[in-house]
Amino acid sequence: VICMNNIQPFLEKWKEQAMRLAADYPNLEELIRNIDINWVSISQNVVSFLSVGAGSVVKSTVSVATTVVSVVVNIVLALIFAIYVLTQKEKLSRQGKKLLYAYVKRERADWILRIMRLSNKTFSNFVTGQFVEACILGLLCFIGMTIFRIPYALTTSVLVGITALIPVFGAFIGSAISFILIVVISPAKALWFIVFIVILQQIEGNLIYPKVVGNSVGLPAMWVM
């Protein structure tokens, strides 16, 4: 009822506008009649465009949705699989050794197990070295930001240290987020932070990282660098 009450004044208003327009422009009706519009062709083109466009949109939507669902399912399955492996690693290790010795010669099986132990030890030491290096970087960042009185020293240092665990892009991610936090308070300090973090990253990447990680994995700093 409310909708009908609103529609009726709307139609009356448009009727008055049309009558006023016809009175002001007497030749408008004749001009409109002389316009040759192929409504059949226009409708066919519109229907064709909507059909193709709708199909393309639906296809793109289904493709994106399928990709997202696939990624989510793979992540969930990987987490579940990792949990199973961690909770039953001793049992899986014993079964793996039995299968290895059952199908491979003893000398070759001993060699494979020795390589696997070495790989496990090296990778564990590498992760430990990465963690130690990230802590050192965060501490140096905090000290430098405190000396230069840059805002959010503690928050930024923790963020830079955590993102340093991400290979290659970690430093850029942490620096970008920290820059956004600081620029809200002081754009000048944010520029000084960029200069400071670039210098710190050079020192960390060329001096601290090779030494710390090299000692962890048993390689000279030169080879790590």
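Keep in mind it's a predicted model, so treat the numbers as computed, not measured.
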Checking V160, L165, I197 against L137 for side-chain contact (heavy atoms from CB on, under 4.5 Å), the one that qualifies is V160

So which heavy atom on I194 is nearest to which on F179, and how close?
-> CG1-CD1, 3.6 Å

Should D110 and Y101 count as side-chain neighbours, where that means a heavy-atom distance under 4.5 Å?
-> yes

At what distance, to the nearest 0.5 angstrom, does CD of Q201 lie from CZ of F196?
-> 10.0 Å

Same cluster or not: are I115 and I112 linked, directly or through other Ile, Leu, Val, Met, Phe, Trp or Tyr residues, by side-chain heavy atoms under 4.5 angstrom apart?
-> yes

Transitively linked via ILVMFWY side-chain contacts under 4.5 Å: Y209 with I136?
-> no

Side-chain heavy atoms under 4.5 angstrom apart, residues restricted to Ile, Leu, Val, Met, Phe, Trp, Tyr: same cluster for V104 and M116?
-> yes

Answer yes or no: does atom CZ of F172 have more than 12 heavy-atom neighbours from other residues, nucleotides or ligands under 6.0 Å?
-> no

ILVMFWY network linking V184 to I150, side-chain heavy atoms under 4.5 angstrom = yes

To the nearest 0.5 Å, atom CD1 of I182 lies from atom OG1 of T155 at 9.5 Å

Any side-chain hydrogen bond (donor to acceptor under 3.5 Å, both in side chains) pairs touching residues 83-93, not counting sequence neighbours?
-> none

The reported gap from CD1 in I180 to OG in S175 (rounded to nearest 0.5 angstrom) is 11.0 Å

For the side chain of K97 and the backbone of A109, is there at least one donor-acceptor N/O pair under 3.5 Å apart?
-> no

Please check if F126 and W223 belong to a single hydrophobic cluster, counting links between Ile, Leu, Val, Met, Phe, Trp and Tyr side chain heavy atoms closer than 4.5 Å.
-> no

Is Y152 atom OH crowded by more than 12 heavy atoms from other residues, nucleotides or ligands, each under 6.0 Å away?
-> no

State the SG-CG distance between C135 and L140, to the nearest 0.5 angstrom.
-> 11.0 Å

Output the distance between atom CG (N125) and atom CD (Q130), rounded to the nearest 0.5 Å.
-> 12.5 Å

With no hydrogens and no angle check, is any side-chain donor or acceptor of T128 less than 3.5 Å from a backbone partner on S124?
-> yes

Sequence-distant partners of N215, side chain to side chain donor-acceptor pair (under 3.5 Å), two or more places apart = none

